Amino acid sequence: MENKEAPLEDGEIKPMSVSMPDLDEWGNFGDDDIMQQQSAIQAEEAKKVPFIGDKEPLSSLEAEYQSGSPILLEKIKVLGEHYAAIRRTRGDGNCFFRSFMFSYLEHILEYQDQTEVDRIKAKVEKCSKTLQTLGYLEFTFEDFFALFLELLDCVIQGKETSISHEELVLRSRDQSESDYVVMFFRFVTSGEIQKRSEFFEPFIMGLSNTTVEQFCKSAVEPMGEESDHVHITALSDALGVPIRVVYLDRSSCDNGGVSVNHHDFIPVADDLPNASTCAETNTPYIRLLYRPGHYDILYPK
Amino acid sequence: MQASRARLFKEYKEVQREKAVDPDIQLVCDDSNIFKWTALIKGPSETPYEGGVFQLAFAVPEQYPLQPPQVRFLTKIFHPNVHFKTGEICLDILKNAWSPAWTLQSVCRAIIALMAHPEPDSPLNCDSGNLLRSGDVRGFQSMARMYTRLAAMPKKG
């Protein structure tokens, strides 16, 4: 931005102030430069790992730890009993949402589950209402909602707008589209947390010493803010999609044997569908691998 | 690019609606460039900025609203979180706490709130920050008021 002279910076005040255009070194090195540098570093990182990577056999994970902790290698072996492949995501603070996005859309594409599409659309509509009730202006979030709904329609085949699996990968790697969907999930998560603030408050108090609203403003809505169990619980509940998180860390079991823990986030049934669909939706088909600080997508055998 | 333009157009319409609701903020879009805006904001009452009208310049990036607008004071202001020479503002929502839930209008509101509640522990204007940190509220207020009179008020004929 050019440094326009302030209209009020006229002859009468000039003697008072230090001359405007003559900036010292610190004046030149402002926050904007720091932000530019940050995005340059991000761009550098981006070349290494795309937002959504290719599907790789689990052995590639093993290779990563070849010279590392034996506990981890043991655990990866155990992991291999149930899981066949991994798809890496970029570690930019959005990896949970990005993994969820791809994993969910890939599932719909694969199973062509129109019932699920209709179900989640109703949920998305509810989320939009929630945000409006909370005082969010519709135009601030509607574009993000619209893009998710569009992608949802695209993965159902047999239409002019339908996209293949390859195209889904490409679109998930496209910065603007991918980020818009991540932002959609952030809005949904924030709305759910604030809607049920009494439920989430104690968990948030445990993470940060802030109010529920401040937490959403500073740790949920901004891009690049990492996700925790609060985010996962809220997103799973808001959209009614169960999520399995498999934990891969150095912790070992007391009894000497090595096992890999997982936790299933099962959505609360606020609008109780009939029992059979309930049982069906309770088995998570979104499976994420968590290593401290990062989420990737797991594929079962 | 297209998305940011569409969003800004929605904000433009919202600004027209909000005019009566928020008389302390006058947000105007550049005639020929929807990515350039200016705002006139009233200094909040019971602060040294009371009675002053401050001009802000907005430069909106193409990645808006995923990325924040760049905002600067064009009117000189003595405030711990505003760079005295460049008018740059130190406010979390304009940096890492930005989210698309904010609008140009609500950014103006946040800046007015910052004027009323300076955060001297993260100063861009150290002289101003040091006055507050050392407890010299009177010194800070008189400096701030002087600059408000000099730069943000109409000159008496």
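Below, chains carry the letters A, B, ... as their sequence lines are ordered, and counting in each starts from 1. All values below come from the heavy atoms of this structure, side chains included, with hydrogens, waters and symmetry mates left out. Just so it is clear, the model here is predicted, and its values are computed rather than measured.
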Among residues 99-106 of chain A, residues within the sub-4.5 Å heavy-atom range of chain B, in order of number, are none

(message) Looking at A:Lys217 and B:Asp92, is any side-chain nitrogen of the basic one under 4.0 Å from a carboxylate oxygen of the acidic one?
(response) no

* Is it the case that more than 12 heavy atoms not belonging to B:Glu119 sit under 6.0 Å from its CD atom? -> no

Exercise. Decide yes or no for A:Val124 and A:Leu239: does some side-chain heavy atom of the first lie under 4.5 Å from some side-chain heavy atom of the second?
Key: yes

### Query
Hey, what's the ring geometry for B:Phe78 with B:Phe84, parallel, tilted or perpendicular (30° and 60° as the breaks)?
perpendicular

Within residues 201-215 of chain A, the residues sitting under 4.5 Å from chain B by heavy atom, in sequence order, are none

*Would you please test A:Tyr180 and A:Glu150 for side chain to side chain donor-acceptor pair (under 3.5 Å) and show each step?*
CA-CA 12 Å; A:Tyr180 261 59; A:Glu150 187 196 316; over 6 Å; no

Pair A:Ser236-A:Thr233, side-chain donor/acceptor within less than 3.5 Å = no

Applying a strict 4.5 Å limit to non-hydrogen atoms, the region of A:Leu131 in contact with chain B is neither

Greatest number of non-hydrogen atom pairs under 4.5 angstrom with chain A, of B:Ser99, B:Pro100, B:Pro65, falls to B:Pro100

Value for CG (B:Leu74) from CD (B:Gln55), rounded to nearest 0.5 Å, stands at 5.0 Å

Scored by heavy-atom pairs under 4.5 Å with chain B, the best of A:Met223, A:Gln175, A:Met183 is A:Met183

To the nearest 0.5 Å, atom CZ of A:Phe141 lies from atom CD of A:Glu221 at 11.0 Å

Applying a strict 4.5 Å limit to non-hydrogen atoms, the region of B:Pro68 in contact with chain A is side chain

Report task. For the pair A:Tyr136 and A:Phe187, name the ring-plane relationship: parallel under 30°, tilted 30 to 60°, perpendicular over 60°. Result -> perpendicular

What is the ring orientation for B:Tyr49 with B:Phe140, classed by angle as parallel under 30°, tilted 30 to 60°, or perpendicular over 60°? perpendicular

When the 4.5 angstrom heavy-atom criterion is applied to A:Phe139 and chain B, the contacting part is both

Answer key: most heavy-atom pairs under 4.5 Å with chain B among A:Ala219, A:Ser218, A:Ser176, A:Pro222 is A:Pro222

If we only count heavy atoms from C-beta on, is the A:His294 to A:Thr89 side-chain gap below 4.5 Å?
-> yes

Bottom line for B:Glu14: the part with an atom under 4.5 Å from chain A's heavy atoms is side chain

When rounded to the nearest 0.5 Å, the distance separating NE2 of A:His231 from OG of A:Ser190 is 9.0 Å

Per side-chain hydrogen bond (donor to acceptor under 3.5 Å, both in side chains), A:Ser178 is matched among A:Arg98, A:Arg173, A:Arg171 by A:Arg98

Cut-off 4.5 Å, heavy atoms of chain A, and the answer for B:Ile93 is neither

